[in-house]
Amino acid sequence: KQEVTQIPAALSVPEGENLVLNCSFTDSAIYNLQWFRQDPGKGLTSLLLIQSSQREQTSGRLNASLDKSSGRSTLYIAASQPGDSATYLCAVHYSGGGADGLTFGKGTHLIIQP
Amino acid sequence: DTGVSQNPRHKITKRGQNVTFRCDPISEHNRLYWYRQTLGQGPEFLTYFQNEAQLEKSRLLSDRFSAERPKGSFSTLEIQRTEQGDSAMYLCASSLDPGPYEQYFGPGTRLTVT
């Protein structure tokens, strides 16, 4: 079964700190990987997409890396702000077998303390 | 273009009733996906369309669930004979084919079955 695991499940840090969220997946045959942000009771906002041929993507204070061989991705958030407080979800688009839906982790609930 | 929209945003129904949700994707996107999310979990894939063709259905999509995308634009998801276990957030996403298939999500429809 193709699974996605996110560690830690929850994280609370003071404002201004740099932090890393981790995502691991069980099958290296992926098409791409997306990181999303979800605010309470809301839909998902796409943050970054990394294609299988790429090693990293950057958007503003966010940097996502991908290591297919080890089945890992990280989301690095620089200089965290209270507005970054949300749940961050990692999702894998596995390739082959008609599996065109995303497989999600359970998310990391992030709180940035002012 | 205002992104993916979903209606209604909230629906409360009694067990045994039928409900229908609507999703309007980003206008130029030819792929449309449905997901279900319960509290504390990541979204789970239900089904997706390429234009008007339904190409994949998850095992989660029981025979009480049916989805349509008759003209390749908006989509509807119907749940017949609702059960309390159907209470969840139903999320719609769209993407463009050919790839990289970055998925953009709507705000979701919160279903409560009493």
Side-chain angles (χ1 to χ4, degrees), chain A residues 1-10 21 23-26 30-54 57 59 64 66 73 75 86-109, chain B residues 2-7 9-10 21 23-26 29-50 53-61 67 88-112:
Chain A
K1 180 184 176 185
Q2 296 165 332
E3 295 184 345
V4 176
T5 303
Q6 292 188 246
I7 294 173
L21 307 182
C23 171
S24 61
F25 46 93
T26 53
I30 71 169
Y31 187 82
N32 63 40
L33 183 146
Q34 269 186 271
W35 281 94
F36 294 90
R37 167 190 174 134
Q38 187 173 33
D39 293 288
K42 307 289 186 182
L44 279 64
T45 300
S46 179
L47 298 173
L48 289 164
L49 176 143
I50 310 178
Q51 297 186 64
S52 63
S53 59
Q54 298 174 323
Q57 282 286 344
S59 176
L66 174 64
S73 175
L75 179 66
T87 295
Y88 290 80
L89 292 157
C90 170
V92 174
H93 182 170
Y94 285 104
S95 57
D100 281 295
L102 294 174
T103 301
F104 282 84
K106 292 185 179 181
T108 293
H109 182 54
Chain B
T2 57
V4 180
S5 62
Q6 293 186 246
N7 288 288
R9 297 292 307 278
H10 303 274
F21 311 140
C23 171
D24 288 87
I26 293 171
H29 283 184
N30 47 13
R31 286 196 170 192
L32 186 149
Y33 310 79
W34 286 99
Y35 293 83
R36 181 174 70 186
Q37 185 179 27
T38 54
L39 199 62
Q41 304 295 314
E44 296 173 294
F45 170 72
L46 293 177
T47 188
Y48 95 96
F49 293 83
Q50 174 93 10
Q54 189 173 15
L55 295 187
E56 187 181 355
K57 290 192 277 188
S58 159
R59 286 175 294 177
L60 294 174
L61 209 68
M89 175 80 88
Y90 290 84
L91 294 161
C92 175
S94 68
S95 71
L96 191 61
D97 177 53
Y101 306 112
E102 183 169 6
Q103 294 191 24
Y104 296 87
F105 280 75
T109 295
R110 169 75 65 188
L111 173 66
T112 302

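Predicted model only: the values in this text are computed from it and were never measured. Lettering of chains follows the sequences in order, A, B, ..., and the numbering in each one begins at 1.
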Side chain to side chain donor-acceptor pair (under 3.5 Å) filter on A/Asp39, not counting sequence neighbours, yields A/Arg37
Is it the backbone or the side chain of B/Gln37 that comes under 4.5 Å from a heavy atom of chain A, or both, or neither?
side chain
Would you compute the distance between atom OH of B/Tyr35 and atom CG of A/Leu44 and round it to the nearest 0.5 angstrom?
9.5 Å
Side chain from CB out, backbone as N, CA, C, O: work out which of these in A/Gln38 comes under 4.5 Å of a heavy atom of chain B, or both, or neither.
side chain
Search all heavy atoms of A/Leu89 against all heavy atoms of B/Pro43 and return the closest pair with its distance.
CD1-CD, 4.2 Å
A/Lys42 side, atom NZ; B/Arg9 side, atom CZ - distance, nearest 0.5 Å:
6.0 Å
For residues 100-107 of chain B against chain A, heavy atoms under 4.5 Å, the residues are B/Pro100, B/Tyr101, B/Glu102, B/Gln103, B/Phe105, B/Gly106, B/Pro107
